2 protein chains.
Amino acid sequence: MTVRIDDMDRKILSQLQEDASQSLDEIARKVGSSKTPVWNRIRKMKEAGLIGRQTVLLDPEALGLEACFFVLIRTSEHEADWQNRFLNALRARPEVLEAHRLAGDIDYILKVRVPNARAYDAFYQALISEVKIHNVTALLSMEEIKSTTLLPL
Amino acid sequence: MTVRIDDMDRKILSQLQEDASQSLDEIARKVGSSKTPVWNRIRKMKEAGLIGRQTVLLDPEALGLEACFFVLIRTSEHEADWQNRFLNALRARPEVLEAHRLAGDIDYILKVRVPNARAYDAFYQALISEVKIHNVTALLSMEEIKSTTLLPL
DNA sequence: GTTGAAAATACACATTT
DNA sequence: AAATGTGTATTTTCAAC
């Protein structure tokens, strides 16, 4: 399942990240190759799962999602059952954009996008009513300095 | 600059988020409309900046970016000059995928993707040598429970 | 908002180097 | 393996209604 990526693959991925609406011809030209090999490489990388969803990035503010919170969670529960319920709760909630299990003192971090502080509170209340959580700290974003899906290749 | 979004727009955005490679016909069929109006709505939303970059999501692990850190930063400096240098430093570094200025106790949070802990340390050393930072806490992600670019519509 | 259609483009593959 | 060329199908884009 491990794919060997060479320099040409990286160039192609870079172009796709930059603008996935480009035609094969355009990408081929920019990476200094031609359609067929580029197309084959893309197909292989898709099959390998290296290239995932093709999507558009929307402006959250324009959609009325004006509040962004990072939520730091400590819990005293570490049993499998509790964890499963917690993970399912997170996955089921569309306002949770990211969720990571952490090493160390803090157990989980979430990134949550909601219309406003009230909506965050509703989310928070719903979450703690579903699963027992020891300690929660919410960090409110005042300004999104940077936000990119472009991975460094 | 504010765009009024109706229900049909939301359905279209939802489809585009889900799979931006779909043809107009396909989207139109799914949202219960036809090509032309869908096309016009998409064009308007692109012009309004509501729809941004079209991209592909890559698998960071497969690319060797196996470490993800959330970095909590406190600073004693709050002057405009310091802030500018700090922001520029963050924007210039491709391993910084997200950066937010926060309300409250902690001043900034970063999300950083790197190949390994050593690479994180290199990033950290470079950052603190560029700008003075009072206090830094790095949270290491053990597991990405959820990660989505799909905004709740 | 609908239909229709011209023009452009993409894919997938055959042929060649 | 990669480049080139091409048939076919699809898609976009726009005009007319």
Side-chain angles (χ1 to χ4, degrees), chain A residues 1-60 62-64 148-153, chain B residues 1-65 148-153:
Chain A
M1 177 77 200
T2 297
V3 206
R4 205 190 59 217
I5 301 298
D6 66 11
D7 212 54
M8 180 60 73
D9 289 324
R10 274 175 211 281
K11 284 189 196 167
I12 294 168
L13 291 176
S14 183
Q15 285 303 319
L16 286 175
Q17 282 199 121
E18 198 66 42
D19 179 4
S21 73
Q22 291 176 101
S23 74
L24 269 183
D25 268 326
E26 207 165 352
I27 294 170
R29 189 175 49 76
K30 286 189 186 166
V31 303
S33 182
S34 62
K35 270 190 306 192
T36 311
V38 170
W39 189 80
N40 283 322
R41 282 162 183 268
I42 291 174
R43 192 174 44 75
K44 266 176 204 150
M45 293 191 283
K46 277 185 178 160
E47 276 167 14
L50 209 154
I51 298 175
R53 184 195 293 279
Q54 180 163 337
T55 190
V56 293
L57 302 180
L58 306 181
D59 178 359
L63 291 163
T148 184
T149 61
L150 272 52
L151 300 178
L153 302 173
Chain B
M1 176 75 199
T2 296
V3 205
R4 208 190 55 218
I5 302 297
D6 67 10
D7 213 53
M8 180 58 74
D9 289 324
R10 275 175 210 282
K11 283 189 196 166
I12 294 169
L13 290 176
S14 182
Q15 285 303 319
L16 285 175
Q17 282 199 122
E18 198 66 42
D19 179 3
S21 73
Q22 291 176 100
S23 73
L24 271 182
D25 266 326
E26 207 166 352
I27 294 169
R29 188 175 50 75
K30 286 188 187 166
V31 303
S33 180
S34 60
K35 268 189 308 191
T36 312
V38 171
W39 189 77
N40 283 323
R41 282 161 183 269
I42 291 175
R43 193 173 43 75
K44 268 175 203 150
M45 292 192 284
K46 278 186 177 160
E47 276 166 15
L50 208 154
I51 298 176
R53 185 194 293 280
Q54 180 163 336
T55 191
V56 294
L57 302 181
L58 305 181
D59 178 357
E61 307 275 333
L63 291 163
L65 298 168
T148 183
T149 61
L150 272 52
L151 299 178
L153 302 173

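Sequence lines set the chain letters: A, B, ... in the order given, protein chains first and strands last, and positions in each chain run from 1. These numbers come from a predicted model, not from an experiment.
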Glu26(B) and Ser23(B), any side-chain heavy atoms less than 4.5 Å apart = yes

key: Nearest-Å distance for atom pair CD/C1', residues Glu26(B) and dT10(D)   = 12 Å

With a cut-off of 3.5 Å and sequence neighbours excluded, list every side-chain donor-acceptor pair involving residues 48-56 of chain B.
residue, atom, partner, partner atom, Å
Arg53(B), NH1, Glu18(A), O, 2.8
Arg53(B), NH1, Glu18(A), OE2, 3.3
Thr55(B), OG1, Gln17(A), O, 2.6

task = Using only heavy-atom distances, determine whether the side chains of Asp19(B) and Ser21(B) contain a donor-acceptor pair under 3.5 Å.
result = yes

remark   = Note: contacts of residues 5-12 of chain A with DNA chain C (heavy atom, under 4.0 Å) are none

remark   = Under a 4.0 Å heavy-atom cutoff, the residues of residues 34-45 of chain B touching DNA chain C are Ser34(B), Lys35(B), Thr36(B), Pro37(B), Arg41(B)

message = Ignoring hydrogens, what is the shortest heavy-atom contact between Ser33(A) and Pro37(A)? Give both atom names and the distance.
response = OG-CG, 3.3 Å

message = In this structure, how many angstroms lie between the C1' atom of dT13(D) and the NZ atom of Lys46(B), rounded?
response = 13 Å

key: Interatomic distance, Leu24(A) CG vs dT11(D) C1' [rounded to whole Å]   = 15 Å

ask   = Could you state the CG-P distance from Asp25(B) to dT13(D), rounded to the nearest angstrom?
value = 13 Å

query = Does Ser33(A) place a side-chain N or O at less than 4.0 Å from the phosphate oxygens OP1/OP2 of dA3(D)?
reply = yes

ask   = Would you call Lys35(A) and Val38(A) a side-chain contact if the rule is heavy atoms closer than 4.5 Å?
value = no

request  = To the nearest Å, give me how far apart CZ (Arg29(B)) and P (dT2(C)) are.
outcome  = 16 Å

message = Evaluate Leu24(A) against Thr36(A) for side chain to side chain contact (heavy atoms under 4.5 Å, CB included), listing each step before the verdict.
response = CA-CA 9 Å; Leu24(A) 269 183; Thr36(A) 311; over 6 Å; no

CD1 on Ile5(B) to CG on Leu58(A), rounded to 0.5 Å = 9.5 Å

message = Taking Arg41(B) first and then Asp6(B), would you say they form a salt bridge - that is, a charged N and a carboxylate O separated by under 4.0 Å?
response = yes

